[in-house]
Amino acid sequence: MSRDSNTILLRQQYTGEPRQAAHAFYQARGLYFGLVPDATDPAQQLLEAVLLRTLARPHPQIPAPTPARTFFGLRGVSPDIDTLVLWPHPDHLTQLLGRILPVRTDSGIAGVPGLRARLHPSRTDTLLLARPGHRAHLTLRARPAALQHAEDHILAAGLEPLWSARTSQPGERLAWDRLVQTLPPEEAALWSRALRRAGLHTGQLPDWTRSAPEPGQLEGPKPHRIAARPVGPAGGPARGIVAVTSARGQGGLGCTTTALTLAGALARTGATVALLGADDPNGLHEISGEPLSPGQWHDLLPDLPGPGTLRAMILSPSTPDAAALLADAARRHDTVVLDAGNVYQLRHLTGHADAAVVLTDLDPEVWGSTEILDRRPDWVQMWDWLNTRYLTARARARDPHSQLLRFLDETFEMYVWDRVSNHNPDVYNADDPADTAAWWDDFQPDLDDEDDEPLLLPEDIDAETLDLWRQDFLAFLASEGAIRHPDTWDAVAAVWTDHNRTLDLPGGGDDEALTETVLRETAPAATARWGEQAWQEHHPRWAAADARTRKDSLAPWQHLIEETIHPADPAATARFLLAHLDAPEDIPIALAITHVDDTLADEQHHLADVRDALRAEGIPALTVLPDLPEHLEREDDLQALARPSAQEAAAANRLALVVADLLATRTPS
């Protein structure tokens, strides 16, 4: 038996998936991400963890005995980078869906709260499972008719299925939050890994009803052989030139950051990667901390683990042989990432690429809208409303003296916590001009006060020690403060210690006169909204409470604020994207929506619909990118490209897989 066959069989041992699925994974990925990859995205880990824990600890009212010789009704799974396919046992599909999809019972929500199922956009035998408003998702090999069988199964038990509603139903958010609160990240990672290694336990299920999976239970027969390394039977990593550019040649969308992130993800797989960018201060010009000379290679990640490499070259837009240099880079490397950028950079070279990632932005209104339903009691809504108006009024009323006082209050709080942890009496490194400037530049006189919070200091420090630390703090800042705030420093320094001390007292720091003004100005609108009786009963309690009580009193009621997503028409969204697209027509492209908020990044069902509409118009791929951190300020920032790290790594991996698929459609394996 060949080595490849042994590797495929080993994956099947861990996953329990069909041989053709294990073979397809190995042909596409090799061992570049490991033979049985863990999820890197925390949101994906959490969804997988909740699903498996729900299966291991079913609600007593759900009629679903644990099937023998399966993994809680699954015959296997197919794990990939932040995606997971579930293979149900055909004899237990109805019971499996009844366990994992949300159901209202006499004692609350059973199943995975908020989980919804719909037909997969590209397969008629697959369901897409996701929570509206959340990016994590799963796929289940089952036809839509299975949902009707599961609904009949639950209705026959006298229970209410919730998964047919597109949006979250009352109580689902609270049930989800309660589940999440009992799953710390390290435990969620274990549950997720256990689900991804379902094949280890199809013969005999461990008892996870009271305890989480243990690492030793998940090692399997040969843990060293499933580790990530640069091995692959299908010709190694993706090969070809991929250009990263903007939809209409505009700047500011993050082409350079995206190109760097993509190149780092490809290099982590063991590929040799070349990154070419323009001789431009906004591009790759100074990523190493010193200017790069056009036409010369620079090794960006000399300490990258494994055989992967990432080298960069600057090209001038006016270089006559730029196309030849690009072709030479392609001959010398597995993958070339061209930071084509905007019209003033290297966008004219995109025609020489084999595929392109085209960045665009999207008005949230074109994507859809979010309806907020506030189910909190009237007095809670009133307090929240008054809090907002009080903070707004206080922000308007602040003069330069009070703004500087508040800045010192906020920074003293951080100073105290830092001094408790490391015993360092310095506020910052006064011998470092950059560190000094960075600390003082945090003072913004026009800061929005909506997020203003009361002072929170360690409870085990006595008042005398705090007074001594206030003196140290003020003395440290005195000389620089007088230079930076010559008109206000002396007056503020004279009163700050007494002012700050009052913030430790109940009700300290609140402005009674401002409170009275706010109540007087808001009374007509409040009585019109909640009625005279409710106003007279509750506004005196709000007025008597200190700032911390006003805020903390609202926290227990947050679960009663329900957000309902109303996606726009997918065809209309696709038309908007296409209307703002100016990209090469003779190469496959991935349209990437950048700087997206959580609603857009996390709405998997609507993404699938828009992706379908774009595919019908000849755009093979659609993906979304969150705000990615800049890697251009210091050379050591670049090392983050070599380290998988939570959401950034997950976004980079997803983009790398999209690019690999695009190149595969263009270049024979």
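All figures in this text were calculated on a predicted structure; none of them were measured in a lab.
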- Message: Between R484 and E480 (salt bridge meaning N to carboxylate O under 4.0 Å), is one present in this structure?
- Response: yes

- Assign the ring pair W439 / Y428 to parallel, tilted or perpendicular, where the plane angle (0 to 90°) is split at 30° and 60°. tilted

- Task: For the residue pair V427 and D472, establish whether any side-chain heavy-atom pair is separated by less than 4.5 Å.
- Result: no

- Would you call L183 and L179 a side-chain contact if the rule is heavy atoms closer than 4.5 Å? no

- Query: Of the options L275, V273, V337, which is the one that meets L262 in a side-chain contact (heavy atoms from CB on, under 4.5 Å)?
  - Reply: V337

- Hey, can you tell me if W496 and F473 have their rings parallel, tilted or perpendicular (30° and 60° cut-offs)? tilted

- Does some side-chain heavy atom of T594 sit less than 4.5 Å from a side-chain heavy atom of V624? no

- Query: Distance-only, no hydrogens or angles: does the N500 side chain make a donor-acceptor pair with backbone N or O of D409 under 3.5 Å?
  - Reply: no

- Tell me, please, whether W383 has R550 positioned over its six-membered ring: NZ or CZ under 6.0 Å from the ring centre and within 45 degrees of its axis? no

- Task: Quick one: sort the W440 and W489 rings into parallel, tilted or perpendicular, breaks at 30° and 60°.
- Result: perpendicular

- Query: Under 3.5 Å, is there a donor-acceptor pair linking the side chains of N387 and W542?
  - Reply: yes

- Message: Does either side chain, that of W176 or that of E172, offer a donor lying less than 3.5 Å from an acceptor on the other one?
- Response: no

- Query: Quick one: do the R347 and T245 side chains pair a donor with an acceptor below 3.5 Å?
  - Reply: yes

- Item | Derivation of the side chain to side chain contact (heavy atoms under 4.5 Å, CB included) call for I461 and W469 | CA-CA 11 Å; I461 301 181; W469 287 10; 3.7 Å; yes

- Message: What I want to check is whether the side chains of Q45 and S192 have a donor and an acceptor closer together than 3.5 Å.
- Response: no

- After noting the C-alpha distance and the side-chain angles of L625 and I593, does the key distance pass the side chain to side chain contact (heavy atoms under 4.5 Å, CB included) rule? CA-CA 6 Å; L625 296 174; I593 306 173; over 6 Å; no

- Query: Between the side chain of Y415 and the main-chain N/O of R470, is any donor-acceptor distance below 3.5 Å?
  - Reply: no

- Message: Quick check on the 6.0 Å ring-centre criterion: do W530 and W385 meet it?
- Response: yes

- Query: Is it true that a side-chain atom of E187 and a backbone atom of A212 form a donor plus acceptor pair closer than 3.5 Å?
  - Reply: no

- Evaluate side chain to side chain contact (heavy atoms under 4.5 Å, CB included) for H485 paired with F443, printing each intermediate quantity in order. CA-CA 11 Å; H485 301 280; F443 173 68; 3.4 Å; yes

- T411 side chain vs F407 backbone, donor-acceptor pair below 3.5 Å: yes

- Would you kindly say whether D462 and T465 are connected by a side-chain donor-acceptor distance under 3.5 Å? yes

- Taking side chain as C-beta onward, heavy atoms only, is S246 less than 4.5 Å from T360? no

- Between E410 and R406, does a salt bridge (Lys or Arg N to Asp or Glu O under 4.0 Å) hold up when you go through it step by step? CA-CA 6 Å; E410 293 170 345; R406 181 60 188 178; 3.3 Å; yes

- Task: Using a 4.5 Å cut-off on heavy atoms from C-beta on, say whether the side chain of T549 contacts that of D546.
- Result: yes

- Message: Testing the 3.5 Å rule here: is there a donor-acceptor pair between the side chains of N424 and R419?
- Response: no

- How about D41 and L46: do any of their side-chain heavy atoms sit closer than 4.5 Å? no

- Item | Expected output: side-chain H539 to main-chain W535 donor-acceptor under 3.5 Å | yes

- Flag yes if more than 12 heavy atoms outside Q533 fall under 6.0 Å of its CD atom; otherwise flag no. no

- Message: I'd like to check L655 versus V357 (side-chain heavy atoms, cut-off strictly below 4.5 Å). Are they in contact?
- Response: yes

- Query: When you look at V244 and V358, which way does the side chain to side chain contact (heavy atoms under 4.5 Å, CB included) test go after all the steps?
  - Reply: CA-CA 6 Å; V244 179; V358 181; over 6 Å; no

